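Everything below concerns the one structure shown next.
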Amino acid sequence: MIDIPWDFTVIPSYFPRFYGAAWLTLQITVLGILLGLVLGLITALMRISRSKIIQGPALFYIWIIRGTPLLLQLFIIYFGLVEFVDIPRLTSAVIGLGVHNGAYMAEIFRGAIQSIDRGQKEAAYSLGMTKTKAMRRIILPQAFKRSVPPLGNQFIIALKDSSLASAVSVRELLLTARQIGSSTMMMLEMFVVVGVYYLLMTSVLTVLVGKLEKRLKVSDRRS
Amino acid sequence: MIQVKKLNKWFGKLHVLKDVDISVKEKEVVVIIGASGSGKSTLLRCINFLERAQKGQIFIEGKEVKPKGKDLHLIRQDVGMVFQHFNLFPHKTVLQNVIEGPTQVKKMPMSQAKELGHELLKKVGLEDKANSYPSMISGGQKQRVAIARALAMQPKVLLFDEPTSALDPELVGEVLVVMDDLAKEGMTMVVVTHEMWFAKEAADRVIYMDAGRIIEEGTPEKIFSKPENERTQAFLKQIL
């Protein structure tokens, strides 16, 4: 490899060879985010409960996940849990990314829920709503709106973190780059190719989140 | 209608309500006045259980309401509240704000609720704002929507917590007029306010509170022209 000079002119011709891998990256990311959103919302609601028994597991989950590296979490799921249950690689990557993001999204949701003016809850109660109804009809819709910017940020992190799935042999972008790179002796060139892929995908994501943010702004502002 | 007996409330060590007794009869309009920090808003919030008093009893229509009860939300359906800062739902239009209660809590059919909503908006003079969002209307209009929203639940009593304190002076009138109309229609109301015009015009009874206690109560004529207590006298001298 050392003797072979870099040849960036080959880059365009290698793009199509990554279609499948890019699709896989997208799948891991989207499924991971969806799982993360569900876990995050449940955890956030548990976290703001007054009951210590309900709060406890949520705090524990956030503590463990935020306190250890994602790569380690993926290893534990992929190599560790495989002793007990047979989890396919892709699934373990999705679970790992989802569980990891869930902890961060929980904190995003919690912050958003707690940022909603207390008067909103009081107004809902004064109409005779139960706690659950007030949360569902009044607090959460407003909190979701406020979570969009930080969530967008988290989505981008999740997209990039999906590259760690390469460490558990999921043939997503990064692993594919390493494989093609070593077989063609064009390591750096392939890394540039996947770099462009990532950049494209994160850019599209940024634009989409920005558009969503703008659309949700219509009725915002305090009242 | 409402009876409060020996209500005591502490915020930490601060004793904000001290053995407060009040009763409100059906169709009565009671105005509570007093300096800031006298406990008048807290009293109102205790009646609606947005605050929990540590001691005392509250009866609504003769039945004692237990603060721990699971059916607090049922009680609140009959006790409407209008807040100082309106607390309209910003993600809903004016009409959606008004019909949220009837449709979600009372399960009223949408068409019927909309009819009721338009009717109430007409009553507060905001028919044309039905499809606006709260952020697009003025403070006085917001408060009128909030009144319509509370009325939509057809409550037995309406509580007003300084409904005009957050408004620019020129917008106060439009809200007071709506409240005055309600009073004339026979709505049972408990109003915490600094607007003495409203107290004189609409109140059946005025209660003066100071430092967590009820100092004096009586008809507006009595309180405003010949208050007995010297603290009441001093307070009225300051604000009139």
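Only a predicted model underlies this, so the values are computations on that prediction, with no experimental measurement involved. Throughout, a chain's letter reflects where its sequence line sits, starting with A, and its residues are numbered from 1.
Interface summary for chain B: among A:Gln142, A:Lys131, A:Arg118, A:Met129, the most heavy-atom pairs under 4.5 angstrom belong to A:Gln142. Between chain A and the residues B:Met81, B:Glu100, B:Gln77, the most heavy-atom pairs under 4.5 angstrom are made by B:Glu100. Between chain A and the options B:Val105, B:Ile137, B:Val79, B:Leu159, the largest number of non-hydrogen pairs under 4.5 Å is found for B:Val105.
Both the backbone and the side chain of B:Arg149 come within contact range of chain A, with heavy atoms under 4.5 Å apart. For a residue to count as touching a neighbouring chain, one of its non-hydrogen atoms must lie under 4.5 Å from one of that chain's; by this rule B:Met153 touches chain A with the side chain only. Of the atoms belonging to B:Glu51, it is side-chain heavy atoms, and not backbone ones, that fall under 4.5 Å from chain A.
With respect to the salt-bridge test (charged N to carboxylate O, under 4.0 angstrom), the residues B:Glu119 and B:Lys122 do not qualify. Using a 4.0 Å cut-off between a side-chain N of Lys or Arg and a carboxylate O of Asp or Glu, B:Glu26 and B:Lys156 do not qualify as a salt bridge.
Identified under the side-chain hydrogen bond (donor to acceptor under 3.5 Å, both in side chains) test for residues 61-78 of chain A, with sequence neighbours left out: A:Thr68-A:Gln73, A:Gln73-A:His100.
Using modelled atom types, one finds a donor on one side chain and an acceptor on the other under 3.5 Å when comparing B:Ser41 with B:Asp161.
Considering only residues two or more places apart in sequence or on other chains, B:Gln104 meets the side chain to side chain donor-acceptor pair (under 3.5 Å) condition with A:Lys133.
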